[in-house]
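Notes for the one structure printed next.
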Protein chains: 2
Amino acid sequence: MPPNIRDIAEQLDLSKATVSKALNGYADVAPATRDRVRQTAHAMGYQASVSARNLRRGQTDKIGLLLNTAVDYAVDYLSGILPGAARSAQNLGKNLIIYTITDEDSTDVLAACRGGEIDGLVMFSTNYDPEPMNALLDENFPLVVVGRDILDPCVSSIVPDYYAGSYQATSYLIELGHRRIAFTTRPQLTTANKAHLSGHLDALHDAGLSADQRYVVETRLEPGSAAAAGRQLMALPKMPTAIRAFHDLIAVEMVNTLQYSGYRVPEDVSVIGFDGLRARFTTLPHITTFKQPFETIGKRAIEIIHQQIAGDRVAAVKDVLPLEFDERGSTAPYRESAQLRAHELGK
Amino acid sequence: MPPNIRDIAEQLDLSKATVSKALNGYADVAPATRDRVRQTAHAMGYQASVSARNLRRGQTDKIGLLLNTAVDYAVDYLSGILPGAARSAQNLGKNLIIYTITDEDSTDVLAACRGGEIDGLVMFSTNYDPEPMNALLDENFPLVVVGRDILDPCVSSIVPDYYAGSYQATSYLIELGHRRIAFTTRPQLTTANKAHLSGHLDALHDAGLSADQRYVVETRLEPGSAAAAGRQLMALPKMPTAIRAFHDLIAVEMVNTLQYSGYRVPEDVSVIGFDGLRARFTTLPHITTFKQPFETIGKRAIEIIHQQIAGDRVAAVKDVLPLEFDERGSTAPYRESAQLRAHELGK
DNA sequence: CCGCTTAACGAAAACGGTTTCGATAGTTGC
DNA sequence: GCAACTATCGAAACCGTTTTCGTTAAGCGG
């Protein structure tokens with residue numbers, strides 16, 4: 001029903017070929033007819049069929065974003081990445097299409113890749129079986145994994161330098177004079193979490209500090225988990241004077257828990273977060289954190305896919321991005337007041 | 001390079017037509033050959049070209065999500081809606097493709113609709129000019145506006161019942177015995193914000209309470225804005241005993257501000273939020289709120305588009321969804337302790 | 001005026017499926 | 001044995017665009 005290229009051709013008594021070339025700006029066509037074609041095309045409300053063009057070109061200018069909705073923070077991660085990715089995609093004339101998998105069912109995503117529905121795929125927050133991923137790589141399908149380092153040297157990945165960031169965070173607290181530094185971990189030790197933990201432990205070790213196991217508490221993202229961890233730390237005979245949370249939401253809950261129990265932040269206890277969420281500004285004081293370079297991650301992911309599509313670079317790219325230190329008010333130099341406070345609070 | 005339908009046909013000495021019909025399960029083809037075709041198709045790793053199929057069918061099974069990245073909460077809103085929308089889309093065999101506009105530049109989205117890149121469009125968090133929207137409606141293009149009531153009776157919309165929710169929230173506080181109830185508004189009064197405010201004012205009026213202008217404070221989503229509003233309220237000669245925040249993040253910051261100043265929540269002041277964000281669990285106590293039915297919104301948006309595509313229903317749908325009351329610990333019956341507390345804090 | 005280049009355009013072949021409309025062979029009914 | 005079906009398959013059109021290649025006419029130098 002909408003006008004197609006033939007309608008324009010008949011209207012102007014031209015051929016489909018000339019109309020197409022006129023619209024696409026080929027030098028092959030006289031300036032006068034080019035303008036005529038474009039004017040009537042605009043007047044008729046013509047819009048080229050994307051499917052037809054894609055079929056002919058063998059490309060779709062679409063990039064898939066794959067996330068596992070079963071993972072709790074997947075959607076949040078997406079929303080962090082999206083602005084950068086969308087901006088980058090728009091600059092390159094690409095569209096973003098979202099694929100969600102719940103379990104191990106990655107079949108329709110695979111079908112989308114093989115069927116030419118998308119030109120490339122950005123994977124994140126997802127436990128992918130290497131099975132289909134290798135299949136795609138064999139076909140030289142543009143693929144980028146985000147937020148997780150894949151050992152396979154053939155697959156491109158872009159991952160924040162969790163180890164370095166974690167090392168810096170703990171070192172920063174040590175430089176402030178803190179010696180009893182608590183650390184919250186997640187139950188499942190993914191590569192990212194391992195990097196976190198070892199960065200922390202190495203920083204302690206390099207500073208000549210011993211790692212007390214009681215200062216490493218397991219925390220989940222569920223509400224109340226951080227509060228429980230906080231109470232656990234406050235109940236220790238010698239409570240830590242600084243706490244490292246693996247996530248800003250944990251840090252926020254931790255600060256509120258400490259304050260609720262009568263501790264002052266940062267005078268009694270320093271708290272430092274990780275991620276760079278808006279929620280870290282809801283506490284008083286605001287929370288010092290290491291921000292993930294979300295904007296850059298999204299931007300780079302699309303760029304890498306784009307390069308792979310263009311075929312400029314065959315080798316896999318391994319981006320390691322630094323985290324950004326964002327110092328706010330929840331950290332301060334060490335004072336022994338925390339311990340005094342603990343006694344004062346009647347333990 | 002990937003195998004197409006002709007390769008399979010030649011391999012089996014059949015015609016393209018038979019192969020296509022075999023793969024699509026037409027009754028037209030003998031069970032034996034059907035199985036043969038499917039087996040070799042699978043063996044060859046065949047995957048039908050999406051572009052080719054779409055071109056012939058005149059559909060793409062893709063639904064666009066349009067959001068304005070210039071709006072601060074747009075991405076958050078998307079992430080709230082996404083799980084429900086994605087689930088619903090997957091059930092219906094649709095894909096979601098994200099379009100971002102920054103300013104008034106909605107041209108390429110329009111091109112996507114006209115060019116058959118998507119079958120329908122869900123618009124939200126965006127100030128759309130009616131110009132292109134009406135153009136799409138004239139062409140009977142499936143369109144749904146989310147989170148904002150459009151006066152035009154021809155355009156489908158799905159919007160939470162902000163007025164009723166706001167009315168309920170204030171009535172709930174009144175029933176708890178509160179008389180001095182503060183209300184935070186946003187600077188720009190959109191239809192949603194207006195509904196919020198009038199719901200609040202009507203609830204006050206219906207309870208025979210006068211609306212004190214000093215209890216209505218302007219708040220932005222930026223960090224620190226809620227804290228300023230909180231201080232403003234605490235400085236009043238008679239500070240409110242209950243505070244309604246238009247957003248959970250505002251509520252969180254408000255609670256923390258109150259507690260930081262020595263007030264107890266909910267003993268001295270009740271605070272109630274709005275939205276249903278994860279962040280409302282980071283405070284102690286957790287924040288009572290009215291949850292937006294995000295899951296339902298996303299689900300319905302896709303369903304409506306799907307119905308419009310199928311042509312089942314021509315008339316516009318106007319969904320008004322109730323908000324869900326989620327009572328937590330930040331609200332309690334009125335006691336005059338807030339005022340005593342204010343004196344006690346040495347004002 | 002003639003060969004040669006160049007400008008401008010059109011015919012037709014892709015791209016890879018789906019769908020219509022026959023065509024053929026086998027089967028059934030009587 | 002013949003007519004009427006049915007089951008199974010294939011030829012070809014079609015979806016709308018891009019792109020190659022050929023054709024025509026004009027321009028141009030000599």
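A note on names: the letters A, B, ... follow the listed sequences, proteins ahead of strands, and every chain is numbered from 1.
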Bend of the helix from C:dC1-D:dG30 to C:dC30-D:dG1 from end-axis comparison, five pairs per end, nearest 10°, comes to 40°
Winner on side-chain proximity to A:A17, out of C:dC9, C:dA11, D:dA11, is C:dA11
Side-chain N,O (B:N54) to OP1/OP2 (D:dC15) below 4.0 Å | no
From CD of B:Q47 across to P of C:dG17 the rounded distance in Å is 10 Å
Smallest heavy-atom separation, A:Y46 atom then A:I8 atom, equals CG-CD1, 3.6 Å
Separation of D:dG16 atom P from A:L23 atom CG, nearest Å, is 16 Å
With a 4.5 Å limit on heavy-atom distance, are the side chains of B:T60 and A:S51 in contact?
yes
task = Describe the nucleic acid contact of A:D7 in one word from base, sugar-phosphate, nothing, applying a heavy-atom distance below 4.0 Å.
result = nothing
*asked:* Counting only heavy atoms from other residues, nucleotides and ligands, does the tally under 6.0 Å from NZ of A:K299 exceed 12?
replied: no
A:R36 CZ to C:dC9 C1', in whole Å, measures 12 Å
inquiry  = Measuring only between side-chain heavy atoms, which start at C-beta, is B:V122 closer than 4.5 Å to B:I304?
reply    = no
Rounded to whole Å, the CD-P distance (A:E117 to C:dG17) equals 14 Å
Closest to the 5' end of DNA chain C, once B:N24 and A:A52 are matched to their nearest nucleotides, is A:A52
Would you check if B:V320 and B:K318 make a side-chain contact, meaning some heavy-atom pair closer than 4.5 Å?
no
Looking across every strand, which nucleic acid part, if any, lies under 4.0 Å from B:T33 by heavy atom: base, sugar-phosphate, or nothing?
sugar-phosphate
- prompt: Any donor-acceptor pair under 3.5 Å joining the side chain of B:N4 to the base of C:dC15?
  reply: no
**Request:** Indicate the ring-plane relationship of A:F124 and A:Y77, choosing parallel, tilted or perpendicular according to the 30° and 60° boundaries.
**Result:** tilted
Just so I know, are the side chains of A:I158 and A:V317 near enough to count as touching, which here means a heavy-atom distance under 4.5 Å?
no
Which of D:dC15, D:dC21, D:dC9 is nearest the side chain of B:L55? It is D:dC15
Contacts of B:T18 and A:T18 projected onto DNA chain D by closest heavy atom; the upstream (5') one is B:T18
Atom CZ of B:R53 and atom P of D:dT17 are separated, to the nearest Å, by 21 Å
Among the nucleotides C:dA13, D:dG10, C:dA8, whichever has the atom closest to the side chain of A:R56 is C:dA13
request  = Scan B:A48 against the nucleic acid and name what it touches under 4.0 Å (heavy atoms): base, sugar-phosphate only, or nothing.
outcome  = sugar-phosphate
Separation of D:dT19 atom P from A:Q59 atom CD, nearest Å, is 11 Å
What nitrogen or oxygen pairs link the protein and nucleotides 23-27 of chain C at under 3.5 Å?
none

Counting neighbours of CZ on B:R6 that are heavy atoms of other residues, nucleotides or ligands and sit closer than 6.0 Å, is the number greater than 12? no
Q) If you look at every strand shown and take non-hydrogen atoms under 4.0 Å, does B:S49 touch a base, only sugar-phosphate, or nothing? A) sugar-phosphate
Taken to the nearest whole Å, CG/A:D28 to P/D:dT24 is 17 Å
Worksheet item: Is A:Y99 close to A:D108 at the side-chain level, that is, under 4.5 Å between some pair of heavy atoms?
Response: no
field: Under-4.0 Å side-chain N/O to phosphate OP1/OP2 contact, B:R57 with C:dT18
entry: no
Q) Does A:Y26 make a side-chain N or O approach to OP1 or OP2 of D:dT17 shorter than 4.0 Å? A) no
Beyond-backbone contact of A:L92 with A:I302, side-chain heavy atoms, under 4.5 angstrom: yes
Next on the checklist: Is there a side-chain contact (heavy atoms from CB on, under 4.5 Å) between A:L82 and A:L96? Walk through the geometry before answering.
Outcome noted: CA-CA 9 Å; A:L82 197 57; A:L96 300 179; 4.2 Å; yes
Looking for any heavy atom pair under 4.0 Å, which part of the strands does B:A30 touch: base, sugar-phosphate only, or nothing?
-> sugar-phosphate
*D:dG10 OP1/OP2 closer than 4.0 Å to side-chain N/O of B:S15*: yes
In whole angstroms, the gap separating C1' of D:dC15 from CD1 of A:I5 amounts to 13 Å
- So, is A:S20 near the phosphate of D:dT17, with a side-chain N or O under 4.0 Å from OP1 or OP2? no
- Task: Can you check whether any acceptor in the base of C:dG10 is under 3.5 Å from a donor in the side chain of A:K21, or vice versa?
- Result: yes
* Asked: Is the base of D:dT17 touched by the side chain of A:K16 through a donor-acceptor pair closer than 3.5 angstrom?
  -> yes
